[in-house]
Number of protein chains: 2
Amino acid sequence: MGDKGRRVSIKDVARHSGVGIGTVSRVINNSDRISPETRQKVLNSIKELGYIPNRAAQSMRSHKTKDIAFFIDISNLTFSRIATGTYQYLESQGYTLTLCHIGKNRSTTLEKVKSFLNGRTFDGIILSLPSEENEALNQYLKKVDVPIVTIDRDIPGLVTGVVTDYHGSLQKAVDYLISLGHRGIALVNGLPIIRPSKLITRSFREAMERNGMTVDESLLFHGEYSRDFGAQTMLNLLPRIRHREVTAIVCMHDEIFHGMLRVMKDYHLRCPEDVSVITLEDYELMQLLTPPFTVIRRQLIDMGEKVAQGLINYIQNPELYGQLEPYSLPTEFIIRESCAPPA
Amino acid sequence: MGDKGRRVSIKDVARHSGVGIGTVSRVINNSDRISPETRQKVLNSIKELGYIPNRAAQSMRSHKTKDIAFFIDISNLTFSRIATGTYQYLESQGYTLTLCHIGKNRSTTLEKVKSFLNGRTFDGIILSLPSEENEALNQYLKKVDVPIVTIDRDIPGLVTGVVTDYHGSLQKAVDYLISLGHRGIALVNGLPIIRPSKLITRSFREAMERNGMTVDESLLFHGEYSRDFGAQTMLNLLPRIRHREVTAIVCMHDEIFHGMLRVMKDYHLRCPEDVSVITLEDYELMQLLTPPFTVIRRQLIDMGEKVAQGLINYIQNPELYGQLEPYSLPTEFIIRESCAPPA
DNA sequence: GTGAAAGCGCTAACAC
DNA sequence: GTGTTAGCGCTTTCAC
């Protein structure tokens, strides 16, 4: 902790350069027409005095903060990827990012969002919500009077910033499994209270039907994005895998995947000999597992960047708000060694 | 975006409850002595009008923001763990957390920190810096007049908030390897410009010597916290591993470990048959790798929480600033299956 | 105990 | 073009 001397203010600059504070303000915001000489004079004083505008004061007057709120579950690895992209773009545009960790617990989301937003101002908000069906929250958010953009969520009244396009990859994944000879294919997916889960199920169905298969509804698993759900699902699946009723699994979440893997390990289920597996996210470790896993990859950093881009665009062009299509993030299907013809 | 109606201010509350705005302010900050009746009257008005104090205005006057800046490389998984802990504690104390992603590039750190802090006020700062030896940065930070606390860094003039105690675990790790019969043990470590790397090397040396071994300096590797460094180091080690000159590796960083693993995979080096490996961080996946890895574990969430705790303590008790010992985070040595007697 | 008033540092509206 | 002024919403003397 250093010197506590009063910070130099706009007044000091005005006095030092012999102009009015309004003029200084105009120079800072390079608004209006200002004579080049005056501008230079002021600029010199600013430099000489080491003046830095006080953001709190600026935003109090202008109602702009250059600060974006980001609501997300930061305990997950996916987060750090998305956040990195978001951060980088925001920084490049002179914005800062303030985090709000809403956790996984859906029942506390509203409360967290509310108390976070209380009395604070943001120029915009990015949301990655654990549910689309929190009516109270949705109502509340509609009333917030800054641009809000969601990540992979369809919430009536809110604007979707980015959306993941799993369709093509899922088609490829299912085609691939079927070409390998699989018939009993399980889909392990998130809760259908969010957009991606719904779309994934739909695409999966379509892919199966296109291949002339009927979908066994008991092979469609929906649950929390958690290791527990993954473990439990795998436990359920175990007998059917052993009876060769199920020979392949498509798992659409990384934490769920960890849970499944854990049980596979514990029960000495071999992959791909006993069961073929395709999962989501292409983290480095996916290639380092045994076997290296066949995955659906999405560019998470890109995703974070694109939401931020969309939001800033809306902030700077309010008339566009809600008029643009969400950015559609492509995915890739990457074949490695976790799938084989059923025994 | 909802109604843009003017927010209710302290004035409205004052008028509504028939008191002066000073009184309202006192109630909000529950400062001074206020008669119970007045307090209740004001509280009622606040509730009735749905009044929420404006933070920008509050902090402009009081020079307190209830906001903590967190400088860290958010692209790493370790981050999301630490940040989760920090966030939770801060939230429980009514503080918010604003992120600054400084990245890995040491040469841009000063610039990033500076431009981030420019004109903004924080009640405190938490630092996880990529180097202790950035003199310009250290000088700059000393002048900042709010409490700053570092994570696992010794920077003259700054206060260390939390420190990892690798010593015991490292002793156990080395003892364990030696008891297994290993003699050629390599240590792969970060750059010695940060505290943990130095301490790790020292503890490793001590452990070796205590076991009557002399340390082969060419087996002490220092480098960036990156997969590239890990890969390159493994490549270097390859011939010596094949000649059974090196039979065990202790790797003290997760990303470096990924790089090493990658090369081991590519060169079909088996673990533990060809080389025994111990690594740092006990992420779920560490148990799911083949083999499950023997690790040194640190409680990262705890770590994040403890720094936050220390910082808030200093904020609330400025007279303590720099007087307290950093919190020493314990580590555990967890034996799994990545080590075996050398062939 | 409580009200009135000053002013934090700035932007924007209004003069000239 | 540029100076002056009125607040933004709050905390904090300073009276009473």
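Since the model is a prediction, treat every value here as computed from it, not as a measurement.
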With hydrogens left out and only the distance checked, is there a donor-acceptor pair under 3.5 Å joining Arg55(B)'s side chain and the base of dG9(D)? no
Without decimals, in angstroms, what is the distance between Met60(B) CE and dC8(D) P? 12 Å
Is the base of dG7(D) touched by the side chain of Arg61(A) through a donor-acceptor pair closer than 3.5 angstrom? yes
By the 4.0 Å heavy-atom rule, please label Val24(B) as base, sugar-phosphate, or nothing. nothing
Does Ser9(A) reach a base, just sugar-phosphate, or nothing at all? Heavy atoms under 4.0 Å. sugar-phosphate
Indicate whether OP1 or OP2 belonging to dT11(D) is found under 4.0 Å from a side-chain N or O atom of Gln58(B). yes
Let me know which of Lys104(A), Lys112(A), Arg106(A) forms a salt bridge (charged side-chain N to carboxylate O under 4.0 Å, His left out) with Asp73(A). Lys104(A)
Rounded to the nearest 0.5 Å, the OH atom of Tyr327(B) sits from the OG1 atom of Thr164(B) at a distance of 10.5 Å
Between Phe116(B) and Phe122(B), ring centroids under 6.0 Å: yes
For the pair made of CD in Gln40(B) and P in dG1(C), what is the distance, rounded to whole Å? 17 Å
Using a cut-off of 4.0 Å on non-hydrogen atoms, how would the nucleic acid contact of Gly119(B) be classed: base, sugar-phosphate, or nothing? nothing
What integer distance in Å separates Arg7(B):CZ from dG7(D):P? 21 Å
To the nearest Å, give me how far apart CG (Leu49(B)) and P (dG9(D)) are. 14 Å
Taken to the nearest whole Å, NZ/Lys11(A) to C1'/dC8(C) is 9 Å
Please check if any side-chain donor atom of Asn54(B) sits under 3.5 Å from a side-chain acceptor atom of Gln58(B), or the reverse. no
